[in-house]
Structure formats: structure tokens, C-alpha cells
Amino acid sequence: MKEGQEMIGVLLIHGFTGGPHELAPLIERLKETTDWLIEVPTLPGHGLDLDLLPYTHEEWIKTVETAYQKLNQEVDRLYIVGFSMGGMLAGYLAGKYGADKLVMLSPSRKYLNLIKLTKEVTQLVKDRVVGELEENFTYKHYHHKQGKIPLKAYLEFVKCVKVTEPYLKEIKNPTLVLQGMEDGLVPYQTTHALDKEIPIDIDVIYYLDSKHMICLGDDQEVVVGSVLDYLLKAPHERKEKEANTT
């Protein structure tokens, strides 16, 4: 970093039952193209080896607050990026403590889009028949969680969304929301609700063929590029658009 240049930090927050791997392409690109400080905490009980039962939403919130406070003391400008439940946690931090920029990836303001989820499960059945199950995107990213998500953890997830939601109306910083139209867990209409709840104009990009794991799917290069471009550039006039990357 050049002398006199501002130090920038980015706090990235993964989703419910996930881990830093959900954001890996974005993390790698940030490290390759910037000299920013990157912080990616793992929420208690999360990661590739799930152990959710002992932990509560209060502990998840405390973890990101601690990471925020530590990074905020080390940088001049702080950006927050959150995926799914991590998007709600990111919004909570931005609303309660402030941030210079906020990026919400498939934020779980509303959740469990049963129609789209049913379509994905149907595709799983078809893939099993034709022997392509290992190649199915949904299976590859969710099969390791099978049998490891107790009911209590789902209830803690709901509590986390309820606790963080009121802070959306306190967000004052530039905000970008990215949402896949084929998301099997979070309805894309969620973004319309966010646009009403967040009191400033927000930038929105819809990806017509992206599912929930927006940083790991076929559109990942475009998604990562959009996030990096947003963080590198000065705030701009609100723009809502669709991105068809087929």
C-alpha cells in the first residue's frame, strides 16, 4: 500500500449451515486484485464439519460483531459483504454500527421458496435416474449437510433473521443487492421488500439463471466481477437491471 493511502477492510459473512467456502471465488479475487484487509469469520457450529446444536443466534451475532470491531479498528474504510443469512448479519452491522459500503448476496430476508426448491429436488431425482447426481449443483453443495441440521438450528436461523431485520431501516451507506431469479431458498421478490425497508436508494442486479449459491454457480465470474467493481468504484446513481448470463 502506498504511503498516505487509505487502508480498506472487507468483512465477508457466510450463510446458515455454510462457511467461508461459499464465498471462496470472491475472497480469492479480492486477495488477487487488492491489498485490502480481508476478514472471513466462521460462525460457531458452521463450516464443512457442521455442529450446530450447541449454538444460538446470539453467538452468531456476537461473532460477526467481534470481527467487525476488530477490523474497524485497523482500517480507514470498511466494506461488508454477506451471503444469505450472512447478508442479514451484514445489514445488521451496517445499520447498527455503520459501514462505507454494503453488499448483500441472496439475502435471506424471506426464505424457503418452496416452489423453486421443489423444482431443484425434482431435478435431483431425475439426475439420480440418469446417473448424473454427482454433477448436480444443488447436490454437490448440500449433500454433506444431510442429517446434520437439527430443528433447533432452524429455529435459531429464524430468530437471527427476526433480530437483524429491524436494523435494515437504519442503513445509510451505499448498498448493492445481488439475487438469482432461480434461487431455491430465497424468493427473488425478497429484493423488492429490501428496496422498501432500506431507507436509501440501493443498487440491484438480478441474475436470471442463478440459484442460491450465487458465488459458486455458473454465473460466479459475473457475480464476483460485479461485487469487485462496486467496491472499487465510487457510489453511483441507483440502477436496477437484469443480467442474463446464459
Side-chain angles (χ1 to χ4, degrees), residues 1-15 19-20 22-43 60-107 109 164-179 191 194-195 197-205 214-215 220-241:
M1 187 177 68
K2 297 179 180 179
E3 185 176 353
Q5 184 178 344
E6 284 187 320
M7 175 65 76
I8 295 175
V10 185
L11 175 61
L12 299 105
I13 308 171
H14 66 78
E22 295 176 322
L23 297 163
L26 176 57
I27 295 168
E28 291 171 8
R29 183 74 66 83
L30 286 169
K31 289 181 177 179
E32 289 171 358
T33 58
T34 74
D35 57 2
W36 300 346
L37 291 181
I38 310 296
E39 184 72 22
V40 194
T42 300
L43 301 179
W60 303 339
I61 292 173
K62 181 63 176 177
T63 296
V64 297
E65 286 182 324
T66 299
Y68 172 97
Q69 291 160 1
K70 178 179 179 295
L71 187 57
N72 196 42
Q73 292 174 353
E74 300 174 352
V75 300
D76 302 301
R77 302 180 69 82
L78 178 58
Y79 304 152
I80 310 176
V81 179
F83 164 69
S84 195
M85 185 181 78
M88 293 301 293
L89 288 167
Y92 164 83
L93 293 174
K96 186 173 183 179
Y97 301 109
D100 290 286
K101 290 182 183 178
L102 169 66
V103 177
M104 306 173 83
L105 306 168
S106 309
R109 173 63 186 90
T164 55
E165 181 272 330
Y167 290 89
L168 297 177
K169 66 178 182 294
E170 304 299 330
I171 294 172
K172 302 294 190 297
N173 50 266
T175 299
L176 171 66
V177 180
L178 279 67
Q179 178 67 49
T191 303
L194 285 174
D195 201 8
E197 290 177 309
I198 297 175
I200 60 168
D201 287 340
I202 64 175
D203 288 309
V204 178
I205 304 177
I214 197 167
C215 282
Q220 65 177 263
E221 286 298 320
V222 180
V223 170
V224 169
S226 295
V227 174
L228 186 61
D229 183 64
Y230 188 81
L231 296 180
L232 286 170
K233 291 183 178 179
H236 52 283
E237 185 177 352
R238 178 176 180 264
K239 200 183 296 181
E240 183 169 331
K241 58 184 179 180

Item to complete: Output the distance between atom CG (Leu93) and atom CD1 (Ile171), rounded to the nearest 0.5 Å.
Response: 10.0 Å
Worksheet item: Which atom names give the shortest non-hydrogen contact between Leu176 and Ser226, and what distance separates them?
Response: CD2-O, 4.2 Å
Discussion item. Glu22 vs Leu105, test: side-chain contact (heavy atoms from CB on, under 4.5 Å). Steps then yes/no.
Written reply: CA-CA 11 Å; Glu22 295 176 322; Leu105 306 168; over 6 Å; no
Worksheet item: Side chains of Glu221 and Pro25: does their closest heavy-atom pair fall under 4.5 Å?
Response: no
Discussion item. Could you check whether Glu65 and Tyr92, counting side-chain N and O atoms only, form a donor-acceptor pair closer than 3.5 Å?
Written reply: yes
Worksheet item: Side chains of Thr175 and Ile200: closer than 4.5 Å at any heavy-atom pair?
Response: yes
Discussion item. Treating Lys172 as the side-chain partner and Gly98 as the backbone partner, does any N or O pair qualify as donor plus acceptor under 3.5 Å?
Written reply: no
Worksheet item: Is the number of heavy atoms from other residues, nucleotides or ligands under 6.0 Å of Lys31 NZ greater than 12?
Response: no
Fill in: Atom of Met85, atom of Trp60 and distance for their closest heavy-atom approach
CE-CE3, 3.6 Å
Worksheet, complete the sentence: d(Trp36 CH2, Arg77 CZ) to nearest 0.5 Å is 10.0 Å
Fill in: Distance in Å, Tyr68 OH paired with Leu11 CG, rounded so as to fall on 0.5 Å steps
9.0 Å
Practice prompt. Can you see which heavy atom on Arg29 is nearest to which on Leu228, and at what distance?
Written response: CG-CD2, 3.7 Å
Worksheet item: If we only count heavy atoms from C-beta on, is the Leu12 to Pro20 side-chain gap below 4.5 Å?
Response: no
Practice prompt. State, to 0.1 Å, how close Pro41 and Ala67 come at their nearest heavy-atom pair, and which atoms those are.
Written response: CG-CB, 4.0 Å
Worksheet item: So how far is it from Gln220 CD to Leu23 CG, rounded to the nearest 0.5 Å?
Response: 11.5 Å
Response to the item:
Between Ile38 and Val40, the two heavy atoms sitting closest are CG2-CG2, 3.9 Å
Discussion item. For a 4.5 angstrom cut-off between non-hydrogen side-chain atoms, does Gln69 reach Tyr97?
Written reply: yes
Worksheet entry | Euclidean distance, Arg109 CZ relative to Met104 CE, rounded to 0.5 Å | 10.0 Å
Discussion item. Any carboxylate oxygen within less than 4.0 angstrom of a Lys/Arg side-chain nitrogen, looking at Lys96 and Glu170?
Written reply: no
Worksheet item: Looking only at heavy atoms, which two atoms of Asp100 and Asn173 are closest? And how far apart?
Response: O-CB, 3.9 Å
Worksheet item: Going from CD1 on Ile13 to CD1 on Ile80, what distance comes out if it is rounded to the nearest 0.5 angstrom?
Response: 6.5 Å
Practice prompt. Give me the one residue out of Leu26, Leu102, Leu30 that meets side chain to side chain contact (heavy atoms under 4.5 Å, CB included) with Val81.
Written response: Leu26
Worksheet item: Does any non-hydrogen side-chain atom of Val177 lie less than 4.5 Å from one of Asp203?
Response: no
Worksheet item: Passes side-chain contact (heavy atoms from CB on, under 4.5 Å), Ser106 versus Phe83? Steps please.
Response: CA-CA 6 Å; Ser106 309; Phe83 164 69; 4.0 Å; yes
Discussion item. Determine whether Leu37 and Ile8 satisfy the following criterion, side-chain contact (heavy atoms from CB on, under 4.5 Å), listing intermediate values before the conclusion.
Written reply: CA-CA 6 Å; Leu37 291 181; Ile8 295 175; over 6 Å; no
Discussion item. side-chain contact (heavy atoms from CB on, under 4.5 Å) for Asp229 and Leu231? Distances and angles first, verdict last.
Written reply: CA-CA 6 Å; Asp229 183 64; Leu231 296 180; over 6 Å; no
